[in-house]
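Just so you know, these numbers use all the heavy atoms, side chains as well, and skip hydrogens, waters and symmetry mates. Just so we're clear, the structure is a prediction, and the values are computed from it rather than from any experiment.
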Amino acid sequence: RAAGRRKIPLAMHLAESVEETRFLLHGDGPFLGFLEKLGHGLPFSRVPGMRPIQYAEKLGLLKAGCLVVHGNDLDREDLDLLARRGSSVVYCHGTHQHFERPPHRLHELTEVGINLALGTDSAASNQEVDLVGEIGRLLQDRPEVDPLCILQAATSGGLRALGFDPGPADFQAGSPAHGMLVGP
């Protein structure tokens, strides 16, 4: 509510893993084990029974143009909801690689109109907190992704995610007319 009143985006690490989704759907798995080790149980009286994006929507967290940091475990309904809400996804390639996640569905985000930004996350799960290095590693690891889309995510995508208008551009990489993938 505070972010909404101030008209600033709310950043949340959300839909980061299948384990997170499992915990919110079923109330079990590694997340519950971690909480039990800390001497806690479930943080809710009733298991939500929904995916992280839908749960965030139910709680009213997507209203202010939420920044979804990671968004690794998104289904089609999640993508459509994020697009309708004007949310951005901040992709952190180094962290994604650190946890050996399957390739991120970057092109699907832009296809449905979700703003994509590039981030680094933290030194706890990334080789270095350096956006230029992140761009280089992403270019090397994902040659099928259009380099202009990566550059846009690192620049104007980040500005949009933070609520700034990057200004007009004659050419927007990653737009449906341009496409996210290199090649036919």
**Student:** Name the one of E20, H96, R105, E16 that satisfies side chain to side chain donor-acceptor pair (under 3.5 Å) with N72?
**Tutor:** H96
**Student:** Going from CG on L32 to NE2 on H40, what distance comes out if it is rounded to the nearest 0.5 angstrom?
**Tutor:**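 If I round to the nearest 0.5 Å, the distance is 12.0 Å.
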**Student:** Go through H104 and R142 one step at a time and tell me if the side-chain contact (heavy atoms from CB on, under 4.5 Å) criterion holds.
**Tutor:** CA-CA 10 Å; H104 199 284; R142 298 286 304 271; 4.1 Å; yes
**Student:** Are F44 and I53 linked, directly or through other ILVMFWY residues, by side chains that come within less than 4.5 angstrom of each other?
**Tutor:** yes
**Student:** Any non-hydrogen side-chain atom of Y91 less than 4.5 Å from a side-chain atom of L109?
**Tutor:**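 Heavy-atom side-chain distance check fails, nothing below 4.5 Å.
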**Student:** What closest approach, in Å, do L131 and L118 show between heavy atoms, and which atom pair accounts for it?
**Tutor:**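 Here L131 and L118 meet closest at CD1-O, 3.7 Å.
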**Student:** Assigning hydrophobic clusters by single linkage (Ile, Leu, Val, Met, Phe, Trp, Tyr; side-chain heavy-atom cutoff under 4.5 Å), is L82 placed with M12?
**Tutor:** yes
**Student:** Could you pull out the closest heavy-atom pair between S156 and P166, with the gap in Å?
**Tutor:** CB-CB, 3.6 Å
**Student:** Find the distance between CD1 (I135) and CD1 (I150) and round it off to the nearest 0.5 Å.
**Tutor:**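 One finds 8.5 Å between CD1 of I135 and CD1 of I150.
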**Student:** May I ask whether F23 and L61 are part of the same hydrophobic cluster, defined by side-chain heavy atoms of I, L, V, M, F, W, Y residues being less than 4.5 angstrom apart, directly or through others?
**Tutor:** yes
**Student:** Report whether V47 and V18 are members of the same hydrophobic cluster (ILVMFWY, side-chain heavy atoms less than 4.5 Å apart, transitive linking).
**Tutor:** no
**Student:** Which atom pair, heavy atoms only, marks the closest approach of P30 to R22?
**Tutor:**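 Distance-wise, the nearest heavy atoms are CD-NH1, 4.5 Å.
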**Student:** How long is the gap from CG on L62 to CD on Q54, to the nearest 0.5 Å?
**Tutor:**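 It comes to 9.5 Å.
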**Student:** For E134 and T120, work out which heavy atoms get closest and say how close.
**Tutor:**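 In this case the closest contact between E134 and T120 is OE2-CA, 4.1 Å.
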**Student:** Taking C-beta and beyond as the side chain, do H13 and D121 meet within less than 4.5 Å on heavy atoms?
**Tutor:** yes
**Student:** If you apply the rule salt bridge (charged side-chain N to carboxylate O under 4.0 Å, His left out), what do you find for R51 with D73, and how did you get there?
**Tutor:** CA-CA 9 Å; R51 298 177 55 79; D73 187 36; 3.7 Å; yes
**Student:** Which heavy-atom pair separates P48 from L24 by the least distance, and what is that distance?
**Tutor:**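 So the two residues come closest at CD-O, 3.6 Å.
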**Student:** Going through the distances and angles, do R76 and D80 end up as a salt bridge (charged side-chain N to carboxylate O under 4.0 Å, His left out)?
**Tutor:** CA-CA 6 Å; R76 187 58 194 213; D80 292 341; 3.4 Å; yes
**Student:** So do E128 and R137 actually touch side chain to side chain, heavy atoms under 4.5 Å?
**Tutor:** yes
**Student:** Can you measure from CE (M50) to CG (D78) and round to the nearest 0.5 angstrom?
**Tutor:**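 M50 CE to D78 CG: 11.5 Å, rounded to 0.5 Å.
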**Student:** Look only at the side chain of H70 and the backbone of S17, and say whether a donor-acceptor pair between them is shorter than 3.5 Å.
**Tutor:** no
**Student:** Determine whether R85 and C66 make a side-chain contact, defined as any pair of heavy atoms from C-beta on separated by less than 4.5 Å.
**Tutor:**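 They are not in contact (no side-chain heavy atoms under 4.5 Å apart), so the answer is no.
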**Student:** Is it the case that atom CZ in F34 sees more than 12 heavy atoms from other parts of the structure closer than 6.0 Å?
**Tutor:**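 Result for CZ/F34: open.
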**Student:** I need the minimum non-hydrogen distance between P52 and T21, along with the two atoms involved.
**Tutor:** CD-OG1, 3.5 Å
**Student:** Out of curiosity, L14 CG to L67 CG, how far, rounded to the nearest 0.5 Å?
**Tutor:**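 L14 CG to L67 CG: 11.0 Å, rounded to 0.5 Å.
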**Student:** How many angstroms lie between atom CG of N115 and atom OG of S87, to the nearest 0.5 angstrom?
**Tutor:**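 Here the interatomic distance stands at 10.0 Å.
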**Student:** Are L159 and I8 connected, step by step, through hydrophobic side chains (Ile, Leu, Val, Met, Phe, Trp, Tyr) whose heavy atoms are closer than 4.5 Å?
**Tutor:**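 No, no single cluster joins them.
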